[in-house]
Amino acid sequence: MADGTDQGADETGPDTAGRAPADAGRGGGKKQPSPPPPVPPRPLDAIDHDILRILQTDGRASIRSVAERVHVSRANAYARINRLIDDGVIRGFSARVDHERAGQGASAYITLKIVQNSWRTVREQLEELPGAAHIALVSGDFDVLLLVHAPDNRSLRELVLTRLQSIPEVLSTRTLLVFEETDLGPGTATGPTL
């Protein structure tokens with residue numbers, strides 16, 4: 001996988017797998033029109049960016065609170081948040097968890113080298129791993145960076161030596177234990193925003 005990322009591969013959903021086109025057998029021969037190209041994301045203005053910062057800091061902020069803080073009406077704030085959700089800019093709302101207090105005291109970044117053009121297959125299997133928190137296809141000496149949280153080192157060892165090593169497309173792994181971490185989420189970062 002060192003050089004290829006299987007870009008451009010066609011992913012078909014489970015609803016269309018193995019089915020004939022809708023007009024098959026109806027005097028056919030007609031080629032299905034190509035799907036329209038993906039719609040480019042709408043540009044975000046300063047208010048949109050302010051809304052994102054507020055929601056990243058406090059995903060439970062009310063529409064009223066957001067509207068007041070960015071100086072727009074509640075209807076405008078509501079419409080903007082819904083647009084950000086519809087456009088896929090906001091992918092969801094979640095809680096930031098202290099993994100140690102939640103019984104996940106062992107954390108590690110694991111680097112993986114994988115078989116060329118197997119990213120999608122490997123990603124699907126990694127998503128099923130218990131404790132998988134972040135998965136990224138990266139460039140450099142390895143192909144995938146995986147962050148996992150486990151109850152203890154024994155569970156972490158089991159995850160790496162049994163679960164990861166049993167994935168046929170995984171050629172090698174390297175485990176980097178996390179001794180201490182600092183959350184740099186919005187509201188805690190000290191550097192300038194980009």
Side-chain angles (χ1 to χ4, degrees), residues 1 5-15 35-112 114 119-140 142-150 176 178-194:
M1 175 74 200
T5 60
D6 75 303
Q7 293 175 350
D10 184 23
E11 288 186 292
T12 56
D15 292 343
V39 177
R42 290 182 261 196
L44 303 182
D45 63 16
I47 294 172
D48 293 328
H49 285 287
D50 288 344
I51 290 171
L52 290 174
R53 271 191 287 282
I54 291 167
L55 293 177
Q56 284 177 306
T57 302
D58 180 8
R60 296 171 25 151
S62 68
I63 297 290
R64 179 180 176 185
S65 167
V66 171
E68 288 173 357
R69 291 168 65 187
V70 298
H71 309 291
V72 297
S73 70
R74 280 184 280 180
N76 187 308
Y78 182 81
R80 283 175 178 267
I81 292 170
N82 280 336
R83 180 179 49 83
L84 292 168
I85 292 169
D86 292 344
D87 287 354
V89 176
I90 296 176
R91 297 182 300 176
F93 298 87
S94 62
R96 291 195 313 247
V97 175
D98 181 318
H99 295 285
E100 192 168 346
R101 288 180 174 262
Q104 301 288 306
S107 297
Y109 286 96
I110 304 168
T111 65
L112 296 84
I114 62 175
W119 162 241
R120 287 185 176 97
T121 302
V122 171
R123 180 183 60 201
E124 289 171 4
Q125 294 177 73
L126 295 178
E127 288 172 348
E128 299 299 319
L129 290 176
H134 184 83
I135 305 165
L137 178 67
V138 297
S139 64
F142 48 88
D143 305 306
V144 178
L145 183 62
L146 170 67
L147 172 61
V148 296
H149 303 289
L176 308 165
V178 175
F179 296 127
E180 185 176 323
E181 59 187 324
T182 301
D183 183 8
L184 295 180
T188 61
T190 58
T193 57
L194 300 176

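Just so it is clear, the values below take in all heavy atoms, side chains as well, and ignore hydrogens, waters and symmetry mates. Keep in mind it's a predicted model, so treat the numbers as computed, not measured.
- Contact between Val138 and Val144 at its shortest, heavy atoms only, is CG2-N, 4.2 Å.
- Residue Leu145 is tested with Ile135, Thr111, Leu112 for a side chain to side chain contact (heavy atoms under 4.5 Å, CB included); the sole match is Thr111.
- With values rounded to the nearest 0.5 angstrom, His49 atom NE2 is found 11.5 Å from Ile47 atom CD1.
- With contacts defined as side-chain heavy-atom distances shorter than 4.5 Å, the pair Leu176/Ile110 does not qualify.
- Between the CD atom in Glu68 and the CZ atom in Arg74 there is a gap of 8.0 Å [rounded to 0.5 Å].
- Salt bridge Asp48/Arg42: absent, no basic N to carboxylate O contact under 4.0 Å.
- Heavy-atom neighbours of Tyr78 OH from other residues, nucleotides or ligands within 6.0 Å: at or below the threshold of 12.
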Ile85 and Asp87: CA distance, side-chain angles, deciding distance, side chain to side chain contact (heavy atoms under 4.5 Å, CB included) verdict: CA-CA 5 Å; Ile85 292 169; Asp87 287 354; over 6 Å; no

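- Between His149 and Leu147 the shortest side-chain heavy-atom distance falls below 4.5 Å.
- When every heavy atom of Ser107 is checked against every heavy atom of Glu181, the shortest pair comes out as OG-OE2, 4.1 Å.
- In this structure, CD on Gln125 lies 10.5 Å from CD on Glu127, to the nearest 0.5 angstrom.
- Checked for salt-bridge contact, Arg53 and Asp50 meet the test: a charged N lies under 4.0 Å from a carboxylate O.
- Contact between Ile54 and Arg69 at its shortest, heavy atoms only, is CG2-NH1, 3.6 Å.
- Of all heavy-atom pairs between Ala132 and Leu146, the closest is CB-CD1, 4.1 Å.
- Considering every non-hydrogen atom in both Trp119 and Leu137, the closest pair reads CH2-N, 3.7 Å.
- One finds the CG atom of Leu44 at 6.0 Å from the CG atom of Leu84 (value rounded to the nearest 0.5 Å).
- A salt bridge is absent between Arg120 and Glu124; no separation between the charged side-chain nitrogens and carboxylate oxygens falls under 4.0 Å.
- Within 6.0 Å of the CZ atom in Phe93, the count of heavy atoms belonging to other residues, nucleotides or ligands exceeds 12.
- Annotation for Val66 and Ala61: closest pair CG2-CB, 3.9 Å, computed over non-hydrogen atoms.
- Sparse packing is recorded around CZ of Arg64, with 12 or fewer heavy atoms of other residues, nucleotides or ligands lying under 6.0 Å away.
- For the pair Asp45/Arg80, a side-chain contact is recorded, criterion being any heavy-atom separation below 4.5 Å from C-beta on.
- Rounding to the nearest 0.5 angstrom, the gap separating the CD1 atom in Ile81 from the CG atom in Asp86 is 12.0 Å.
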